[in-house]
Amino acid sequence: MNASDSRTANVREIATRILVAVDTRKAFADRLLDRALESGTLPARDRALLSELTYGTLRWRGRLDWLLRGHLKRDLARTSPFVRNLLRLTLYQLFFLDRVPDYAAVNEAVALAKTRGGVKSGGFVNAVLRGVLREGRRKPPPELSRETLSEFASYWSHPLWLVELWQDYFAPEELVPLLEADNRAAPLALRAQRLKTTVDDLLSLLAESGVEARPSLWSTQGVVVLSRRPPDQLPGFDEGLFFVQGEASQLIGFLLDPRPGERILDACAAPGGKTTHIAELIEDRGTVVAADLSAAGLERVRRNARRLRLTSIRTVCCDMTAGLPEAEREPYDRILVDAPCSGLGTLRSHPEIKWNRAPADIARLSRTQRKILKCSAGYLRTGGVLVYSTCTLARPENEDVVEGFLRQHPEFVLEEAAGYLPEKARALVRGPYFLALPHRHDTDGFFAARMRKAR
């Protein structure tokens with residue numbers, strides 16, 4: 001094995017270990033990747049390959065398992081976690097990448113399996129991979145029907161329960177485009193710090209450093225970076241000229257429409273993307289109380305506020321299902337409840353979520369969301385604005401939560417989201433609600449409702 005082959009094998013082993021942790025411990029892939037990349041031992045080319053192999057395998061894990069099923073004598077779940085994920089990773093490389101010849105990818109996988117499990121393990125991996133290669137590319141995709149729904153879900157690499165959930169939430173013609181979009185990598189989006197720069201100036205700064213970027217299609221503060229470069233290595237990061245925030249997420253601040261001098265509560269604030277945007281929108285004049293249950297999350301809020309040079313943010317560590325500390329209960333002009341959710345709108349960036357969530361999580365989170373919304377609403381002054389938002393695409397966490405709240409609180413009225421969004425984003429709605437979708441808008445899936453306390 002030459003030096004190049006050795007480096008590739010090392011990257012494959014690191015990626016496989018990350019996949020094992022996600023598979024067996026429900027670990028977060030981005031945190032494990034960050035840890036591996038921060039070691040500084042991998043050159044830039046290998047860092048990109050590590051991210052590609054890890055995220056690509058997670059995105060397409062369902063289809064990879066679908067390809068494997070006919071070539072195993074026992075259930076895939078009974079295969080050792082390392083071998084199982086090595087098979088998935090190698091199939092991803094074989095079926096979705098074209099940088100390495102088939103024989104080389106198989107040989108590397110066999111060598112790695114032998115290193116970890118001996119000759120028998122290597123022989124097993126060799127037989128399975130060569131069997132899939134002989135038949136896999138001829139395997140036709142399943143049609144969408146009641147009888148083939150499980151196969152259909154596997155082919156499009158989503159769990160069956162999630163496909164069933166989305167069958168009820170979306171029109172039939174939207175299902176395949178949504179599943180396809182979920183399996184594409186999300187672009188890197190930045191929010192220009194409006195008190196320090198403009199979108200045009202930020203684009204010029206990036207261009208001067210050879211970074212290709214364009215304005216957001218939806219957010220008036222947004223920039224989409226097309227070059228592959230870590231955010232903290234972009235010009236302007238240390239100076240606080242931008243915050244990494246998805247295009248759909250940026251629109252929540254505009255929906256809240258905060259004004260200078262107001263007192264505002266961000267009820268679930270960490271890590272601070274929407275908190276800092278609110279502070280910018282009020283020109284850093286007023287008070288933004290950032291509440292969250294996580295002390296570590298609030299430290300990230302404070303760190304982000306310092307980098308962006310914002311001083312109007314105050315953090316409060318508390319459980320918003322129980323309420324704010326007594327000292328923070330003075331009425332607020334506006335309240336944002338960006339509730340903890342299943343994250344099903346963020347699968348492009350966090351593909352492991354679809355494998356680590358279950359229907360019970362939706363029900364559990366819905367109960368938590370209702371409690372936080374009810375508790376937070378009690379701190380709003382008459383005439384004030386309440387925005388409820390999630391980064392998920394699940395009716396029980398979205399419309400059902402809002403409509404249940406409105407039935408129990410007739411003093412609140414639902415307002416049309418379109419009237420408060422930037423003009424170019426006013427099409428991102430369904431009825432009165434804000435709804436951004438990966439397959440329609442090339443954004444994360446996001447939901448929000450704007451309500452006013454009328455009396």
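Residues take their numbers from the sequence shown, with the count starting at 1. The figures that follow rest on heavy atoms only: side chains count, while hydrogens, waters and symmetry mates do not.
Under a 4.0 Å N-O distance rule, the pair R348/D442 qualifies as a salt bridge. Residues R35 and E38 are not paired through a salt bridge, judged by the lack of any N-O separation under 4.0 Å between the basic side chain and the carboxylate. Ion pairing between a basic and an acidic side chain is recognised when a charged N comes within 4.0 Å of a carboxylate O; R25 and E352 show no such pairing. Salt bridge D400/R395: absent, no basic N to carboxylate O contact under 4.0 Å. Salt bridge present: R191 and E280 bring a charged side-chain N and a carboxylate O closer than 4.0 Å.
Proximity of a side-chain donor or acceptor of N107 to a complementary backbone N or O of Y103 within less than 3.5 Å is detected. Of the possible donor and acceptor atoms, one in the side chain of T276 sits under 3.5 Å from a partner among the backbone N and O of G273. When atom types are taken as modelled, the side chain of R84 and the backbone of T79 share a donor-acceptor pair closer than 3.5 angstrom. Counting only distance, with no hydrogens or angles, the side chain of K354 and the backbone of D182 share no donor-acceptor pair below 3.5 Å. Under the 3.5 Å distance criterion, the side-chain polar atoms of T346 are left unmatched by any main-chain donor or acceptor of S349. With hydrogens and angles disregarded, no donor-acceptor distance shorter than 3.5 Å links the side chain of S157 to the backbone of A153. In terms of modelled atom types and a separation under 3.5 Å, the side chain of S366 and the main chain of P396 share a donor-acceptor contact. The backbone N or O of P271 sits less than 3.5 Å from a side-chain atom of N304, completing a donor-acceptor pair.
Stacking of R116 on the aromatic ring of F124 is not recorded, the 6.0 Å distance cut-off and the 45° axial limit not both being met. The cationic group of R63 lies under 6.0 Å from the six-membered ring centre of Y155 and within 45° of the ring axis, placing it in a cation-pi geometry. For the pair R430 and Y169, the cation sits on the ring face: its NZ or CZ lies under 6.0 Å from the ring centre, inside 45° of the axis. Relative to the ring axis of F405, R370 does not place its NZ or CZ within 45° and under 6.0 Å from the centre.
For the residue pair T16/R88, the side-chain donor-acceptor check at 3.5 Å is not satisfied. One side chain, S145 or T148, offers a donor N or O that lies under 3.5 Å from an acceptor on the other. For the 3.5 Å distance criterion, the side chains of K114 and S121 fail to qualify, holding no donor opposite an acceptor. Counted by atom type alone, E247 and S216 present one or more donor-acceptor pairs between their side chains at under 3.5 Å. A donor-acceptor pair shorter than 3.5 Å can be found between the side chains of T321 and D319. In this model, a donor atom of one side chain and an acceptor atom of the other lie less than 3.5 Å apart for N398 and T390. Between T197 and Q193, the side chains place no donor N or O within less than 3.5 Å of an acceptor N or O (distance only, hydrogens not considered). For the residue pair H277 / Q221, a side-chain donor-acceptor distance below 3.5 Å is found, with atom types taken as modelled. When only modelled atom types and interatomic distance are considered, H439 and E180 share no side-chain donor-acceptor pair under 3.5 Å.
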query = What do the steps show when you test D361 against R364 for salt bridge (Lys or Arg N to Asp or Glu O under 4.0 Å), and what is the final call?
reply = CA-CA 5 Å; D361 294 316; R364 172 181 56 83; 3.1 Å; yes
CA sep, side-chain torsions, deciding dist, call: E397, S342, side-chain hydrogen bond (donor to acceptor under 3.5 Å, both in side chains)
CA-CA 8 Å; E397 298 182 73; S342 57; 2.5 Å; yes
Full working for side-chain hydrogen bond (donor to acceptor under 3.5 Å, both in side chains) between S209 and R229
CA-CA 11 Å; S209 298; R229 192 180 297 187; 5.2 Å; no
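Among V224, V223, V199, L206, the one residue that satisfies the side chain to side chain contact (heavy atoms under 4.5 Å, CB included) test with R214 is V224. Applying the side chain to side chain contact (heavy atoms under 4.5 Å, CB included) test between L386 and each of L265, L256, I335 identifies I335 as the sole match.
Side-chain atoms of M320 and C318, non-hydrogen and from C-beta on, do get closer than 4.5 Å to each other. The shortest distance between side-chain heavy atoms of L37 and P230 does not fall below 4.5 Å. Side-chain contact between W355 and V22: absent, with no pair of heavy atoms (C-beta onward) separated by less than 4.5 Å. Two residues are said to be in side-chain contact when any heavy atoms from C-beta on lie closer than 4.5 Å; R146 and L149 fail this criterion. Side-chain contact check for L33 versus L50: some heavy-atom pair is nearer than 4.5 Å.
The heavy-atom pair separating P142 from W66 by the smallest distance is CD-CZ2, 3.9 Å. Smallest separation of non-hydrogen atoms from C268 and P340: SG-CD, 3.8 Å. The shortest heavy-atom contact between A105 and V100 is N-CG1, 3.7 Å.
Ring pair W156/W60 is tilted by interplanar angle, where 30° to 60° counts as tilted. By the 30° and 60° cut-offs, the orientation of the rings of F170 relative to W166 is perpendicular.
Checked against the 6.0 Å centroid criterion, the rings of Y433 and F447 qualify as a close aromatic pair.
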